[in-house]
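Each remark here refers to the structure printed beneath this line.
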Amino acid sequence: MRYRLASVEDIPEGNAIAIELGEKRVAVFRHEGEWFALDETCPHRGGPLHEGTIQSGVLYCPWHQWQFELRTGCSPLNPLSRVSTYPVIVEDGALWVEL
């Protein structure tokens with residue numbers, strides 16, 4: 001299913017937001033001119049991933065520094081740990097996601 005997330009201007013470069021889509025929470029990131037959408041909740045202890053920091057394309061959870069690659073959702077340290085990622089579509093100034 002396709003959901004409208006926000007307008008492109010709602011998320012400045014280097015920022016992120018969290019959005020509720022039905023029963024799912026998604027974190028949307030604008031990083032180095034690209035858009036990424038991942039599950040909002042860290043699988044470790046439920047940290048809010050949209051509040052995390054990004055270094056070299058890796059997202060760090062703000063609570064316990066668990067790491068997830070923006071492109072794949074996989075942890076570079078533990079291949080068994082991951083969050084789901086979703087394609088972001090930019091269309092007429094709006095951001096859309098496929099769940």
Side-chain angles (χ1 to χ4, degrees):
M1 184 166 233
R2 190 174 181 187
Y3 295 91
R4 187 180 188 284
L5 299 171
S7 294
V8 170
E9 60 268 1
D10 291 340
I11 309 171
E13 175 64 39
N15 286 282
I17 62 171
I19 297 178
E20 299 242 359
L21 303 173
E23 295 183 19
K24 182 171 284 297
R25 284 184 55 84
V26 175
V28 183
F29 298 87
R30 187 176 192 174
H31 178 68
E32 296 183 351
E34 294 185 68
W35 298 97
F36 301 92
L38 297 88
D39 282 338
E40 159 64 355
T41 307
C42 180
H44 175 234
R45 295 281 178 146
L49 292 180
H50 81 282
E51 295 178 7
T53 58
I54 299 171
Q55 295 176 9
S56 301
V58 176
L59 170 64
Y60 289 75
C61 177
W63 287 5
H64 301 105
Q65 302 304 302
W66 276 44
Q67 302 172 25
F68 306 96
E69 294 178 4
L70 284 176
R71 291 193 189 287
T72 66
C74 293
S75 169
L77 302 177
N78 178 356
L80 298 178
S81 179
R82 63 166 303 169
V83 292
S84 294
T85 60
Y86 308 98
V88 177
I89 300 128
V90 180
E91 188 175 275
D92 297 325
L95 300 172
W96 300 80
V97 68
E98 290 279 341
L99 295 185

Let me see the working for Asp10 and Ile17 under side chain to side chain contact (heavy atoms under 4.5 Å, CB included), right down to the final yes or no. CA-CA 9 Å; Asp10 291 340; Ile17 62 171; 5.6 Å; no
Tell me if a side-chain donor or acceptor on Ser75 pairs with a main-chain N or O of Leu77 at a distance below 3.5 Å. yes
Short side-chain to backbone donor-acceptor contact, Asp39 and Thr41, under 3.5 Å: no
Intermediate values then yes/no, side chain to side chain donor-acceptor pair (under 3.5 Å), Tyr86 and Lys24: CA-CA 12 Å; Tyr86 308 98; Lys24 182 171 284 297; 3.2 Å; yes
Shortest non-hydrogen contact between Val26 and Ala37, atoms and distance: CG1-CB, 3.8 Å
For residues Pro48 and Pro62, determine if any side-chain heavy atom of one lies less than 4.5 Å from a side-chain heavy atom of the other. yes
Considering residues, nucleotides and ligands other than Arg2, do more than 12 of their heavy atoms fall under 6.0 Å from its CZ? yes
Closest approach of His50 to Phe29 (non-hydrogen atoms, all atoms of both residues): CA-CZ, 3.9 Å
Between Leu21 and Val28, is there a shared hydrophobic cluster once you connect ILVMFWY residues whose side-chain heavy atoms come closer than 4.5 Å? yes
What is the distance from atom CD1 of Ile54 to atom CG of Leu70, rounded to the nearest 0.5 Å? 4.5 Å
Test item: Arg25 side-chain N/O and Glu40 main-chain N/O as donor-acceptor pair under 3.5 Å: no
For Trp96 versus Arg4, what's the shortest heavy-atom pair and its separation? CE3-N, 3.4 Å
Using 0.5 Å steps for rounding, measure from the CZ atom of Phe36 to the NE2 atom of His31. 6.5 Å
Is it true that Leu80 and Phe68 fall in one hydrophobic cluster, defined by side-chain heavy atoms closer than 4.5 Å? no
Interatomic distance, Arg71 atom CZ to Leu38 atom CG [nearest 0.5 angstrom]: 11.5 Å
Between Val83 and Cys42, is any pair of side-chain heavy atoms under 4.5 Å apart? no
Checking Trp35 against Val8 for the side chain to side chain contact (heavy atoms under 4.5 Å, CB included) test, could you report, in this order, the C-alpha distance in whole Å, the side-chain angles of both residues, the deciding distance, and whether it holds? CA-CA 10 Å; Trp35 298 97; Val8 170; 3.7 Å; yes
If you look at every heavy atom in Thr85 and Gly73, which pair is closest and at what distance? CG2-N, 3.4 Å
Looking only at atom types and distance, does a side-chain atom of Glu34 sit under 3.5 Å from a main-chain N or O of Arg30, one as donor and one as acceptor? no
Verify, without hydrogens or angle tests, whether Glu13 (side chain) and Gly33 (backbone) share a donor-acceptor contact under 3.5 angstrom. yes
For Ile89 and Leu95, run side chain to side chain contact (heavy atoms under 4.5 Å, CB included): C-alpha distance rounded to whole Å, both residues' side-chain angles, the deciding distance at 0.1 Å, then the answer. CA-CA 6 Å; Ile89 300 128; Leu95 300 172; over 6 Å; no
Between His44 and Trp66, how do the two ring planes meet: parallel, tilted or perpendicular, split at 30° and 60°? parallel
What are the two closest heavy atoms between Tyr3 and Leu99, and how far apart are they? CE1-CD1, 3.6 Å
Mind running side chain to side chain contact (heavy atoms under 4.5 Å, CB included) on Thr72 and Arg82 for me, showing each step along the way? CA-CA 8 Å; Thr72 66; Arg82 63 166 303 169; 5.7 Å; no
Considering all heavy atoms of both residues, which atom of Arg45 and which atom of Trp63 are nearest to each other, and what is their separation? O-CZ3, 3.2 Å
